[in-house]
Amino acid sequence: MASHTPSQRYLSTRGGSYGLSFEEVVLKGLAPDNGLFIPQVIPTLPLNWQKDWLNLSFEELAFQIFSLYISPAEIPSAALKDIIHKSYATFRVPSVTPTVTLDSDRKIHLLELFHGPTFAFKDVALQFLGNLFEYFLVRRNEGKTGKDREHLTVVGATSGDTGSAAIYGLRGKKDVSVFIMYPTGKVSPVQEAQMTTVTDENVHCLSVDGTFDDCQDFVKALFADPLTNTTMKLAAVNSINWARILAQITYYFASYFSLIRSGILNPSTSDIRFVVPTGNFGDVLAGYFAKRMGLPMSKLIIATNENDILHRFWKTGAYEKSAVHGAAAEGGLVEDGVEAHTEGVKETLSPAMDILVSSNFERLLWFIAYDVYGSDTMAVEDKTQAAGLKVKEWQASLNTKGGFSVEKRVLDAAKADFASERVSDAETAATIRDVYRWPSTPGSKGYILDPHSAISVTAALRSAKETPGVDNVALSTAHPAKFSHAVEMALEKEEGFQFKDVLPLEFVGLEDLPKRLTHVQKSSGLDGIRKIIVDKVEKELNRTNV
Ligand SMILES: *Cc1c(COP(=O)(O)O)cnc(C)c1O
């Protein structure tokens with residue numbers, strides 16, 4: 001049984017808030033001092049976890065893990081189980097996140113995270129977050145009517161990839177509206193259709209006649225606007241929300257147990273690495289929590305594309321926005337940091353990893369600073385304070401000078417748990433082609449990777465070459481149909497390859513379904529966008545409150 005931390009509390013990485021509840025942290029998203037929320041203690045696993053958890057389903061595993069971070073006094077067990085069930089019943093396979101073996105000789109496995117409603121890994125977290133929002137609001141609104149009811153208005157901007165995961169996470173949720181802005185004509189037809197064919201009344205797609213940055217500016221202006229904030233309770237679902245990290249811890253355990261059950265991994269003799277295609281550091285950070293909790297793995301491998309700030313950090317100890325681009329705005333506040341700052345970012349074949357800085361990296365820095373700058377003789381509160389001060393100092397330097405360097409002992413601590421690999425576009429395409437050509441079961445076609453998964457597989461192959469005998473689990477973050485451009489480019493010359501063979505049934509005819517969207521003129525400004533949102537929320541409320 002899970003040994004409950006009696007009351008897990010949360011604090012900010014910049015030292016400004018502490019003692020917060022899980023609910024406060026989830027609804028706030030970002031701390032008032034601009035820091036990120038982290039749990040006060042990383043829980044350890046219960047005594048017989050390896051035996052007791054071996055045969056649990058994904059949902060049961062999620063329940064055991066979440067129970068270590070959420071006090072039952074905050075969400076009673078039955079309610080938590082219900083939230084988890086609702087979140088993962090939307091996945092197309094019973095195991096939710098299956099692990100398949102790509103190459104048994106080289107011990108390369110793939111943890112498939114794309115079986116959710118929008119065919120990308122963000123569903124694992126956003127399905128859960130949407131249900132949490134609803135649970136908290138419904139509970140706060142019990143017995144309230146009309147104007148007394150709390151209503152949450154989620155606003156975000158997307159360049160195409162992740163807007164749909166947010167929409168599918170929040171569609172039909174009580175007391176929540178969602179507004180997603182995207183640049184007209186600049187997202188692919190499938191991406192647009194994935195968003196605009198969701199016709200639930202609380203979902204609003206705003207097609208803005210501008211660029212992604214214009215959408216982003218609208219969102220920032222709304223969050224900073226006192227008038228908006230007095231009339232509405234705004235929320236964001238960006239990848240810095242703690243609940244998203246928490247949700248992602250489960251699949252590291254699920255994959256580990258799956259490899260043991262299939263006889264591939266021997267828990268007493270084998271070694272395992274997880275290789276994670278990384279942008280904003282949310283996915284791999286969940287792996288770090290799993291490792292700190294006690295899941296055996298020798299390393300987490302961070303695989304970046306050509307936007308390689310993390311890879312450069314692990315090589316040199318300097319965390320710097322690349323010099324050629326100069327200082328760009330710090331992102332992270334609005335939607336996914338992944339999409340929160342396009343200026344100075346290189347466009348690659350793996351757009352969901354195109355970042356200038358990685359917002360969740362701050363959380364890792366805090367844990368490292370806690371260990372490095374806090375001595376054993378210090379009280380926990382003093383260590384906590386020392387870590388917060390150090391993080392604040394690093395972030396200030398990032399904002400004003402575009403970067404910072406850490407001491408060798410900090411870098412050494414980072415290297416103890418992580419290694420890094422950088423993968424170019426050319427290598428990404430080559431891996432998609434190579435893996436497609438690998439002999440799989442006779443008569444069947446080769447495995448088709450999406451470009452993000454091709455990055456983790458490329459890094460896993462390097463790691464397998466350097467250290468043979470270790471099982472490498474590459475995280476596969478999207479279905480190939482979502483990134484048709486890269487896949488077609490890599491495979492167009494392959495005999496027998498037809499893109500339509502990759503297309504899931506859910507995508508066929510999607511573009512012809514009824515759509516629901518509102519066109520917004522960039523020139524309408526803050527007043528214009530505020531009016532659109534206020535009117536739509538009001539209409540929604542009038543309809544539900546009659
Ligand atoms: C968001 C995303 C990533 C990067 O994940 P982070 O948590 O931001 O590091 C990788 N692949 C795909 C397909 C994504 O959508």
Side-chain angles (χ1 to χ4, degrees), residues 36 97 110-127 129 156 158-166 168-169 187-188 191 194 237-249 251-252 274-290 300-305 307-311 313 331-332 334-341 345 348-364 418 420-421 423 428 432 449-459 474-487:
L36 310 190
T97 59
L110 211 54
L111 169 51
E112 295 183 338
L113 303 175
F114 53 74
H115 296 287
T118 76
F119 293 81
F121 105 99
K122 294 197 171 60
D123 288 330
V124 178
L126 282 166
Q127 289 289 304
L129 185 61
T158 184
S159 58
D161 298 323
T162 59
S164 57
Y168 274 79
V187 304
S188 80
Q191 286 173 336
Q194 267 195 309
V237 290
N238 43 8
S239 78
I240 49 122
N241 196 301
W242 164 251
R244 288 183 59 175
I245 310 292
L246 175 60
Q248 292 165 182
I249 298 174
Y251 47 70
Y252 287 90
F274 287 94
V275 189
V276 189
T278 298
N280 224 1
F281 210 77
D283 198 358
V284 74
L285 184 75
Y288 175 73
F289 275 94
L300 287 151
I301 299 178
I302 298 157
T304 76
N305 66 20
N307 294 293
D308 59 353
I309 183 167
L310 290 166
H311 179 63
F313 173 82
V334 185
E335 197 218 10
D336 270 279
V338 172
E339 296 181 316
H341 29 64
V345 174
T348 70
L349 291 178
S350 43
M353 294 159 60
D354 288 348
I355 49 108
L356 198 58
V357 294
S358 270
S359 346
N360 278 297
F361 183 52
E362 180 169 342
R363 287 189 162 112
L364 175 67
F418 299 88
S420 78
E421 295 286 345
V423 179
T428 304
I432 296 177
L449 293 169
D450 104 285
H452 305 81
S453 313
I455 287 181
S456 55
V457 170
T458 308
L475 274 60
S476 172
T477 49
H479 188 285
K482 265 203 105 142
F483 296 94
S484 54
H485 162 67
V487 174

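Both ligands and their constituent atoms are indexed starting at 1 by order of listing. Here the structure is a predicted model, which means the values were calculated and not measured.
Shown in contact with Lys122 at under 4.0 Å from a heavy atom are these atoms of ligand 1, numbered in order with element: 1 (C), 2 (C), 3 (C), 14 (C), 15 (O). Those atoms of ligand 1 with a heavy atom of Ala478 less than 4.0 angstrom away are 13 (C). Counting the atoms of ligand 1 from 1 in the order shown, those under 4.0 Å from a heavy atom of Gly282 are 6 (P), 7 (O), 9 (O). Residue contact check: Pro277 has heavy atoms under 4.0 Å from atoms 4 (C), 10 (C) of ligand 1. The distance from ligand 1 to the heavy atoms of Phe281 drops below 4.0 Å at these ligand atoms: 6 (P), 8 (O), 9 (O). Taking every heavy atom of Thr278 and a limit of under 4.0 angstrom, the matching atoms of ligand 1 come to 9 (O).
The closest approach between Ala120 and ligand 1 stays at or above 4.0 Å for every heavy atom of the residue.
How far OH of Tyr288 is from CG of Asn360: 13.5 Å, rounded to the nearest 0.5 Å. Expressed to the nearest 0.5 Å, how far OG1 of Thr477 lies from CG of Leu449 amounts to 10.0 Å.
The distance criterion of under 3.5 Å between nitrogen or oxygen atoms is not met by His452 with respect to ligand 1.
Phe281 and Phe361 have perpendicular rings, their planes meeting at more than 60° on a 0 to 90° scale where under 30° would count as parallel.
Contact annotation: for Met353 versus ligand 1, heavy atoms closer than 4.0 Å belong to the side chain alone. Residue contacts with ligand 1, taken as heavy atom pairs separated by less than 4.0 Å, involve Phe121 solely via side-chain atoms from C-beta onward.
For Tyr252 and Phe289, the distance between ring centers is not under 6.0 angstrom.
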Inset, instruction - Take Glu421 and Thr458 through the test side chain to side chain contact (heavy atoms under 4.5 Å, CB included) and record every step on the way to the result. - result: CA-CA 9 Å; Glu421 295 286 345; Thr458 308; over 6 Å; no
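By heavy-atom distance, the residue among Asn360, Thr304, Thr477 lying nearest atom 13 (C) of ligand 1 is Thr477.
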